[in-house]
Visitor: 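Right, I'll just put the structure down here and ask away after.
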Amino acid sequence: MAERITPRSESYSDWYVDIVLQAKLADYSPVKGCMVIRPRGYALWEHMQRAIDDMFKATGHVNAYFPLLIPESFIQREADHVEGFAPELAVVTHGGGEQLEEPLVVRPTSETIIWSMYKKWIQSYRDLPLLINQWANVMRWEKRTRLFLRTTEFLWQEGHTAHATAEEAREETLRMLEVYRRFAEDYMAMPVLTGLKTDAEKFAGAVETYSIEAMMQDRRALQSGTSHFLGQNFAKAFDVTFQTAEGSLDHVWASSWGVSTRLVGALIMTHSDDKGLVAPPRLAPTQVVTIPIFKNKNKTEVLAYADKLHRRLAERFRAEYDPDDANSPGWKFSEWEMLGVPVRVEVGPRDMENNTVVLARRDTGEKQSVDVEEAPEAVAALLEEIQSSLFARAKAFREENTREIDDYDELKAFFEADGGFAIAPWDGSPETEAQVKEETKATIRVLPEGNEKQAEGRTAIVSGKPARHMAVFAKAY
RNA sequence: CGGGCUGUAGCGCAGGGGCUAGCGCGCUCGGUUCGGGACCGAGAGGUCGGCGGUUCAAAUCCGCCCAGCCCGACCA
């Protein structure tokens with residue numbers, strides 16, 4: 001079969017690529033590392049965008065748009081920022097047939113251009129807080145790319161906020177981390193761990209970076225969103241000051257936070273199976289597909305029955321209808337399963353006689369027969385049920401593959417075997433972190449909230465010193 | 001950016017200096033089918049990844065480049 005999906009057991013990476021291509025989510029472009037997001041993939045992103053954007057608005061943020069091109073000198077203003085991004089910048093050197101006086105960088109992120117503008121817009125504490133988000137594309141010249149997970153150009157949102165105090169900026173950082181957690185769990189049905197990144201893993205230019213981390217089906221961690229407390233780093237680099245109520249002059253405090261089209265990759269790897277994409281109902285491009293099953297002699301009647309049902313469903317759901325007589329029902333079942341549609345409605349002569357329809361759920365394959373009049377209600381209930389059961393299943397999987405490990409040999413063995421998330425006492429030193437990475441390929445994904453307390457009285461792996469943190473180790477994407 | 005594998009019709013592949021480049025699936029048209037990837041008949045579809053070289057002759061041999069996948073070093 002030409003359209004076979006490589007089973008996960010055979011090759012997890014091939015499986016992932018097969019799903020992306022065959023569920024028509026994206027395709028390769030002629031330019032290395034770039035991809036075309038196809039309508040079904042883009043629909044997933046649009047539904048994500050809508051939900052996240054609503055959450056931003058509900059927390060007082062407004063959208064704006066800053067330009068793609070940034071003067072090269074801007075990137076160089078903040079020392080860590082330059083160092084972090086220099087190797088992955090795309091630079092425009094020519095325009096209008098002439099060499100530019102100053103090269104322009106294609107934004108890898110927009111802190112610098114945004115803070116250059118904030119300098120103009122902020123004078124007084126009355127101008128604060130400034131809570132701006134933008135939806136944009138960015139470009140990072142990655143060495144090794146993977147569809148959705150790491151592409152040269154990707155779509156994301158980046159929030160950039162300015163505050164009068166460090167406390168406020170910190171609160172904002174954590175508030176947005178929590179927004180991401182809620183989005184991941186409520187919409188993507190993807191359980192995530194939240195916590196602080198170590199210095200080795202934090203964003204170039206941040207004082208502190210927090211992230212949400214999800215476990216994929218191959219037990220590797222995927223960083224799915226980040227929120228940074230920037231301190232006064234960019235305010236100082238761009239000299240953004242404000243006058244306080246008391247009349248003194250102070251640098252502004254900042255946060256920035258983002259999620260990207262990488263979330264589409266996260267969604268795929270969290271739920272899908274060997275038959276194709278499994279999309280959580282709240283984000284699925286199509287939520288319910290109606291497939292009529294007819295013979296030539298009853299075609300007209302069945303199509304009328306199915307079409308009427310489809311139209312009722314379309315009033316409430318993102319619904320599609322597949323009456324094509326070129327393919328058999330069985331073929332359509334497989335096809336729509338590959339595309340990840342959560343609920344399939346089958347209607348044939350037998351259903352017509354009994355005034356029923358058959359509902360099949362994508363996640364388990366289970367079928368049930370329901371009264372045709374109650375079909376929309378039943379579909380609604382089933383979508384809810386699938387949404388929560390996907391979350392429960394993903395969470396159970398993560399828990400089964402999460403272990404608390406005190407002993408370094410055991411940690412090594414853990415990552416030599418199936419791996420997963422290992423929660424281990426850590427002495428807080430970059431050296432031991434690097435050694436673990438060197439010897440196991442696992443890195444510290446996050447330091448969860450309250451981890452310092454849990455580490456009290458314990459002995460750190462590797463060094464044997466008193467532990468300062470309980471760290472979550474995992475192999476990461 | 002290093003190591004490995006790959007690139008021939010939309011997809012999966014065969015062919016490996018010589019005459020008109022094949023097969024399966026898909027696609028188009030006509031007909032029969034239809035409750036888990038149906039069938040018959042007729043058709044359309046190829047700069048053999050690109051550029052250059054060797055040769056009377058290159059999909060085939062050689063060089064360079066491009067792209068994809070895997071494994072490493074760097075990253076959302």
Side-chain angles (χ1 to χ4, degrees), chain A residues 1-6 11-18 20-22 27-35 83-89 108-109 138-158 180 197 200-204 209 211-214 221-228 256-266 275-276 291-299 302-303 322-338 344-353 356-358 360 365 367 369 437-438 441 443 476-477:
Chain A
M1 180 110 323
E3 289 166 22
R4 177 172 159 272
I5 292 172
T6 308
S11 163
Y12 193 79
S13 337
D14 287 353
W15 167 82
Y16 175 77
V17 173
D18 287 348
V20 172
L21 297 179
Q22 293 189 36
D27 207 345
Y28 293 106
S29 85
V31 179
K32 179 176 183 146
C34 293
M35 69 171 178
E83 209 178 309
F85 283 108
E88 46 189 74
L89 293 178
T109 178
V138 288
M139 183 163 273
R140 298 179 188 177
W141 217 260
E142 300 290 351
K143 310 275 185 194
R144 190 176 168 189
T145 57
R146 280 155 82 58
L147 294 165
F148 287 113
L149 299 175
R150 179 170 297 105
T151 46
T152 299
E153 180 189 8
F154 57 96
L155 305 183
W156 77 345
Q157 62 62 220
E158 44 181 326
Y180 289 155
K197 285 290 195 185
E201 300 276 331
K202 79 175 186 200
F203 169 69
T209 289
S211 77
I212 57 171
E213 300 275 335
L222 184 72
Q223 179 173 310
S224 307
T226 51
S227 187
H228 315 287
S256 73
W257 25 272
V259 293
S260 72
T261 37
R262 174 181 254 199
L263 288 178
V264 177
K275 292 174 166 181
I291 299 180
I293 297 158
F294 51 81
K295 300 185 188 301
N296 264 346
K297 57 187 176 207
N298 57 25
K299 184 171 174 179
V302 172
L303 286 183
D322 188 359
D324 188 354
D325 66 359
N327 296 312
S328 69
W331 189 91
K332 293 178 194 174
F333 295 170
S334 304
E335 185 67 12
W336 288 102
E337 279 166 359
M338 188 152 71
R344 177 178 69 240
V345 180
E346 306 172 9
V347 288
R350 291 208 297 267
D351 303 294
M352 231 166 66
E353 267 174 43
T356 58
V357 300
V358 171
K367 293 190 187 189
S369 189
K437 182 178 180 182
E438 176 67 31
K441 309 283 184 222
T443 51
Y477 273 93

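The sequence lines fix the lettering, A, B, ..., with proteins before strands; numbering per chain opens at 1.
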Visitor: Work out how far the C1' atom of B:A21 is from that of B:A9, and round it to whole angstrom.
Guide: 11 Å
Visitor: Not counting sequence neighbours, which residues clear salt bridge (charged side-chain N to carboxylate O under 4.0 Å, His left out) with A:Lys299? List them please.
Guide: A:Asp325
Visitor: How many Å lie between CH2 on A:Trp15 and C1' on B:C69, as a whole number?
Guide: 16 Å
Visitor: Taking only residues two or more places apart in sequence or in another chain, which ones pass salt bridge (charged side-chain N to carboxylate O under 4.0 Å, His left out) with A:Lys143?
Guide: none
Visitor: Say you pick atom C1' in B:G2 and the same atom in B:A76; how far apart are they, in whole Å?
Guide: 24 Å
Visitor: Tell me every residue that passes ring-ring contact (aromatic ring centres under 6.0 Å, His included) with A:Tyr12, counting only those two or more places apart in sequence or in another chain.
Guide: A:Trp15
Visitor: Got a sec, which residues hit side-chain contact (heavy atoms from CB on, under 4.5 Å) with A:Asn298, two or more places apart in sequence or on another chain?
Guide: A:Phe294, A:Lys295, A:Glu301, A:Val302, A:Pro349
Visitor: Using the P atom on both, measure B:G50 against B:G10 and round to a whole Å.
Guide: 13 Å
Visitor: Quiz question: going by heavy-atom distance under 3.5 Å, is there a donor-acceptor pair between the base of B:G35 and the side chain of A:Asp351?
Guide: yes
Visitor: Please state the C1' separation for the pair B:C19 and B:G30 - nearest whole angstrom.
Guide: 36 Å
Visitor: Which part of the nucleic acid does A:Gly365 contact within heavy-atom distance under 4.0 Å: base, sugar-phosphate only, or nothing?
Guide: nothing
Visitor: How far does the P atom of B:G49 sit from the matching atom of B:G16, given to the nearest Å?
Guide: 16 Å
Visitor: Starting at the 5' end of RNA chain B and moving along, which residue's nearest nucleotide shows up first, A:Ser29 or A:Gly348?
Guide: A:Gly348
Visitor: Going by side chain to side chain donor-acceptor pair (under 3.5 Å), A:Gln223 matches just one of A:Glu201, A:Arg262, A:Lys197. Which one?
Guide: A:Lys197
Visitor: Check if the side chain of A:Glu337 and the base of B:G36 share a donor-acceptor pair of N or O atoms closer than 3.5 Å.
Guide: yes
Visitor: Sugar-phosphate atoms are those with a prime plus P, OP1 and OP2; base atoms are the rest. Using that split, label each nucleotide of nucleotides 70-76 of chain B B, S or - for protein heavy atoms under 4.0 Å, 5' to 3'.
Guide: SBBBSBB
Visitor: With rounding to the closest Å, how many angstrom separate the C1' atoms on B:G46 and B:C13?
Guide: 15 Å
Visitor: Working to the nearest 0.5 angstrom, can you tell me the gap between A:Ile291 CD1 and A:Lys332 NZ?
Guide: 6.5 Å
Visitor: Just how far, in rounded Å, is P of B:C25 from CD of A:Glu335?
Guide: 17 Å
Visitor: Nearest whole angstrom, please: distance from the C1' of B:G37 to the NZ of A:Lys332.
Guide: 12 Å
Visitor: Output, in order, the C-alpha distance, side-chain angles, deciding distance and verdict of side-chain contact (heavy atoms from CB on, under 4.5 Å) for A:Met139 and A:Thr152.
Guide: CA-CA 6 Å; A:Met139 183 163 273; A:Thr152 299; 3.9 Å; yes
Visitor: Between which residue ranges does RNA chain B form stems of three or more consecutive Watson-Crick or G-U wobble pairs, both distances under 3.5 Å?
Guide: B:1-7 with B:66-72, B:10-13 with B:22-25, B:27-32 with B:38-43, B:49-53 with B:61-65
Visitor: Between A:Glu335 and A:Arg344, is there a side-chain N and carboxylate O pair less than 4.0 Å apart?
Guide: no
Visitor: In whole angstrom, give the distance that lies between atom CG of A:Asp322 and atom P of B:G36.
Guide: 16 Å
Visitor: The criterion is side chain to side chain donor-acceptor pair (under 3.5 Å); which residues satisfy it with A:Lys202, sequence neighbours excluded?
Guide: none
Visitor: Could you state the CH2-P distance from A:Trp141 to B:C1, rounded to the nearest angstrom?
Guide: 11 Å
Visitor: What string of B, S and - do you get for nucleotides 40-49 of chain B, 5' to 3', when a contact is any protein heavy atom under 4.0 Å?
Guide: ----------
Visitor: Would you indicate what A:Val138 reaches in the nucleic acid, counting non-hydrogen atoms under 4.0 angstrom: base, sugar-phosphate, or nothing?
Guide: nothing
Visitor: With a non-hydrogen cut-off below 4.0 angstrom, is A:Glu158 in contact with a base, only sugar-phosphate, or nothing?
Guide: nothing
Visitor: With sequence neighbours left out, write down each residue that passes salt bridge (charged side-chain N to carboxylate O under 4.0 Å, His left out) with A:Glu158, or none if nothing qualifies.
Guide: none
Visitor: Taking only residues two or more places apart in sequence or in another chain, which ones pass ring-ring contact (aromatic ring centres under 6.0 Å, His included) with A:Trp156?
Guide: A:Phe154
Visitor: For B:G22 and B:G15, measure between their C1' atoms and round to the nearest Å.
Guide: 8 Å
Visitor: Expressed as a whole number of Å, how far does the C1' atom of B:G7 sit from that of B:C51?
Guide: 16 Å
Visitor: Which nucleotide in the set B:G37, B:C34, B:G68 lies at the smallest distance from any side-chain heavy atom of A:Tyr28?
Guide: B:G68
Visitor: For A:Glu346 and B:G37, what is the distance between atoms CD and P respectively, to the nearest whole Å?
Guide: 12 Å
Visitor: Going by side-chain contact (heavy atoms from CB on, under 4.5 Å), name the residues that satisfy it together with A:Lys275, two or more places apart in sequence or in a different chain.
Guide: A:Asp273, A:Glu337, A:Arg362
Visitor: Measure CG/A:Asp27 against P/B:G68 and give the value in whole Å, please.
Guide: 12 Å
Visitor: Separation of A:Lys367 atom NZ from B:G35 atom C1', in whole Å?
Guide: 7 Å
Visitor: With sequence neighbours left out, write down each residue that passes salt bridge (charged side-chain N to carboxylate O under 4.0 Å, His left out) with A:Glu153, or none if nothing qualifies.
Guide: none
